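A quick write-up on the structure given underneath.
Proteins get letters first, then strands, A, B, ... in listed order; numbering begins at 1 in each. All values reported here derive from a predicted model rather than from experimental measurement. All values below come from the heavy atoms of this structure, side chains included, with hydrogens, waters and symmetry mates left out.
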There are 2 protein chains.
Amino acid sequence: MAAGLQLESFDKLVSDALSGADLDEFNRIYYGRTSHHELEVKAANLEQAQKNNFDIEAYDFPAQEEDTRSPRIVKIGIIQHCIATSTSKPIQAQRQAIFDKILPIIECAGNEGVNVLCLIEAWSMPFAFCTREKAPWCQFAECAETGPSVQFLQNLAIKYNMVIISPILERDETHGDTIWNTAVVINECGKIIGKHRKNHIPRVGDFNESTYYFEGNTGHPVFDTKYGKIAINICYGRHHPQNWLMFGINGAEIVFNPSATVGGLSEHLWSIEARNAAIANSFFTCAINRVGREEFPNEFTSGDGKPAHKDFGHFFGSSYITAPDGSRTPGLSRIKDGLLIAQVDLNLCRQVKDKWGFRMTQRLDYYAGLIKKAAEIDYKPQVVSGN
Amino acid sequence: MAAGLQLESFDKLVSDALSGADLDEFNRIYYGRTSHHELEVKAANLEQAQKNNFDIEAYDFPAQEEDTRSPRIVKIGIIQHCIATSTSKPIQAQRQAIFDKILPIIECAGNEGVNVLCLIEAWSMPFAFCTREKAPWCQFAECAETGPSVQFLQNLAIKYNMVIISPILERDETHGDTIWNTAVVINECGKIIGKHRKNHIPRVGDFNESTYYFEGNTGHPVFDTKYGKIAINICYGRHHPQNWLMFGINGAEIVFNPSATVGGLSEHLWSIEARNAAIANSFFTCAINRVGREEFPNEFTSGDGKPAHKDFGHFFGSSYITAPDGSRTPGLSRIKDGLLIAQVDLNLCRQVKDKWGFRMTQRLDYYAGLIKKAAEIDYKPQVVSGN
C-alpha cells in the first residue's frame, strides 16, 4: 500500500507479504485452515463482475461423511455494496439507482447457484440515521410485505430459485405507522415467509437509530427453509452474545449479520464478534458490511466535540463467513462492492456440537436462574472482600 | 521461519514481514491501535529473563482523564510456562522443579511493580488429565488454603505487595475428598481471600477433565482487591459467553482466563474468545496458556482413531491481554516461557460502557425470561416454516 491510499484489503495486505511456510502458518492460526479451499467462479460471472466493478470470491467448507445423514450442501451468498447516487436526489431515484447497481451482483449469485442470499442492513437506502433528520429519510421506510425492495427481490428469488434476505427500513401501518429495522425473508418461490426486527439498537457514535425505531418485538425466529435453518442477527445485535445464543437455541444453522459499521469505530472488532458467535454456538455466521463514504445534504454533529460535517465516515466492507469450527473465509474488499460465496455442508454444525460439546456443557438452566436474579432491581452482585 | 521449525510467534511473523504504513494498518485493524504503547522493562529484569530463558513484554493502556475520578493505574502480570522436569519423577520433585523455574519470573513481575499476577491453569503440575489415570496424578491435588503451591506464593505476595491468582488442582477434604479445578486468590498481605472453581468442564480431545472433577459450585465471584475488581474464568469457561457475562454483571474490571490448550484443537480460536469477552462486557481480559509438549509415562488414546501415544501435543502459549475497547497486546511466544505486563487505567471500563452502552442495551430481563423457557424440557423453539 502506498502511503495515503485507502487500504484495499486487510487479507491481501498479509497474503502479499508472506509466502510458503510462513503464509501457511499465518493461515492456519488466523483463518483456522492452511488452505482457503477456493472454488472456481464461472468465467461469464467474472466478466460481469469486472464490467460492473465488483469482486466475486467463493470458498468451500466441507464436512465429514456420515453413515446416517447425506451431506447437506448449501451455497450461501452475501453481497456488500455502496450507495449508487447522491443522497440529495429524490427517494425513488436513490432507491432505483441501488436496484440498478445491485441487479448484476444478484444475477451473478443466481448464476453461481447460490441458494440463500443476504444483503446489507437497510440495503436500499443510505444509512441516514446519523443526521437525526426525519425528513426526507423516513420516506425510505416501506411495507415489509408489499414494498418496492421486496417486490424487486421476489422476482429474482423466483428466477434463481433462491431464498433472499432483504434487510430494510420497515413501515408498519397497522401499528401506528411505526418504523422498524427489519429483515424480510423471501423463499425460493418468491413468498415472504416472515420477518425479523433488530433486537438491539445502538446509541454510539453516528448511529442515532434509537431516534427512529425501537428494539424489535419479533423474538429470535429461525426460518426453516428448503436450504437449511437460517436466522438474522441485525447489525449491533452482534455485540450481544445472548442474541446469538437464542438464535442457536432455536436451531439456526446459518446466522446472517447484515450490518452498517464504520472504520474509526469498530474495524478492530469486526473480525472478532461474528466469528466468536459461530464458535460459541456451532453455526455458520455471515458478517456483511456496507462499503464507502456517504455524504448528506445537511451538516450534523457526532457527539464527539468535533465540528459539524456532512459525511458518515468509511463503511469498511470486509464481509466474511465463519464455519461452526471457527475457520473462516478471507474478507471481501474494504472499498469495493462484492459477492462472497461459501459452499457449506450443514452437517458440520452437528459434527462440531458433538466434538466440542458446548451445548451440553453450557449449563443453561443454571444461567437462566442467575440472569433472572441479575436483572432484578435489588440484585446483590457476588463480591468477595479483598481484605 | 525456516520450513519444519516450530513458529516462535504469530505476532512476529507478521511484524517482521510488514513495515511503514502497511504495518500501521495491520496494527490498527488487527490489534485495535497503530502503536503497541510498549513500556520499558528494567535492565536487571531483562538480564534475569535472558539468564532464565523467558521473555518479558510490557504495554500501556491509558484512559481519558476525568473530572470526578482519579486515574486508577494498575499493573497486571500474567505468566506462561512449561513444566520443568520429567513426569515420571515423584510428585514433590515435579512440583519443586516448577517452583524453582517460576520463582525468577515472579521476582521479575514483583520488581516491575506488578500489582495483580495470574499463573496458568493447574500451574504446579503437568496437564495429566489426558491419561485418565488417577494415580499418581491425583496426588497433585492440594488444599486451597494450606497446600504447598499456595504457601509458596503467599510469601511472594507479601514480599512484592502483589495480589496473586494461583490456579491449582484442589483437594476438598471436608467434602468427601473431592477434587476441583480451582483458582485461589491471595491478597497483597498474603491472605487467601477466596477461591473460584471452574464452571465449565470440557469433554473434547485429550481434555478428559470430567473424569476427575465436576462443574464448579462457587458461582461467579468478583474479588474486590486493593487493585481493582478481579475475577477468574478458568480455561474452557472462555467458550461460554454466559460465564463471562456473569463476571461482568458482578462488577469485574479484569477477568483472568488461566488456560491449558493445544495447537491442533484451538489455536485459531485463541485470539477470538477472550477478546470477544472483553468487548461484550467492557472489562479487561487476560488469556494465559501453558507452553510446550508434555510426555507421560504410559500411553493413552485420544478418541480420534489414531494410535496410542504418550504426549499431549503442543501447548502454544501466545498469552495476551485485551482492553475493554477491544484493543489488545501482541501475544507472548508460542514456544517459550514469558511474563506479559499491562499497565492499565481501570477507568477505561466505565468509559467504554458509556461509549458503547452494551450494558444498557443488553435487555437482561428479556433474556432472563427467554433462557428460562429455553432450559425447560418441553421448550418449543421459535421456528417459522419456509413454505
Tell me, side chain or backbone of [X] under 4.5 Å from chain A's heavy atoms, or both, or neither?
X	value
B:F316	neither
B:I279	side chain
B:L370	both

### Query
Do you know which of B:G303, B:G194, B:S385 has the most heavy-atom pairs with chain A at a distance under 4.5 angstrom?
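Maximum pair count with chain A is reached by B:S385.
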
### Summary
Interface check, chain A: of B:D354, B:L269, B:T225, most non-hydrogen pairs under 4.5 Å belong to B:L269

Any ion pair linking [Y] and [X] (charged N to carboxylate O, less than 4.0 Å)?
X	Y	value
A:R334	A:E8	no
A:K373	A:E376	no
A:R197	A:E215	no
B:E273	B:R238	yes

Between [X] and chain B, with a heavy-atom cut-off of 4.5 Å, which part of the residue counts as in contact: side chain, backbone, both or neither?
X	answer
A:D24	neither
A:F207	neither
A:K191	side chain
A:T361	both
A:S19	neither
A:Y227	neither
A:V383	both
A:R33	neither

### Message
Which residues in residues 239-247 of chain A have any heavy atom closer than 4.5 Å to a heavy atom of chain B?
### Response
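Expected list: A:H239, A:H240, A:P241, A:Q242, A:N243, A:L245, A:M246.
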
#### Entry: Neighbour count >12 (heavy atoms, 6.0 Å) for atom NZ, B:K353
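Correct, the count exceeds 12.
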
### Task
Please say whether the positively charged group of B:R328, taken as NZ for Lys or CZ for Arg, lies over the ring of B:Y31, i.e. under 6.0 angstrom from the six-membered ring centre and within 45 degrees of the axis.
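Negative - B:R328 is either too far from the ring of B:Y31 or too far off its axis.
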
### Query
For B:T261, does its backbone N or O pair with a side-chain atom of B:N289 as donor and acceptor, under 3.5 Å?
yes

### Message
Under a plain distance cut-off of 3.5 Å, with no hydrogens placed, do A:Y30 and A:D11 share a side-chain donor-acceptor pair?
### Response
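No, no side-chain donor-acceptor contact under 3.5 Å.
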
### Message
Can a side-chain donor-acceptor contact be found between A:D325 and A:S327 if the only test is distance below 3.5 angstrom?
### Response
yes

### Distance (rounded to the nearest 0.5 Å) between A:T329 OG1 and A:Y320 OH
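Separation between the atoms: 9.0 Å.
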
### Task
Go through B:Y236 and A:W356 one step at a time and tell me if the side-chain contact (heavy atoms from CB on, under 4.5 Å) criterion holds.
CA-CA 10 Å; B:Y236 182 84; A:W356 275 101; 4.2 Å; yes

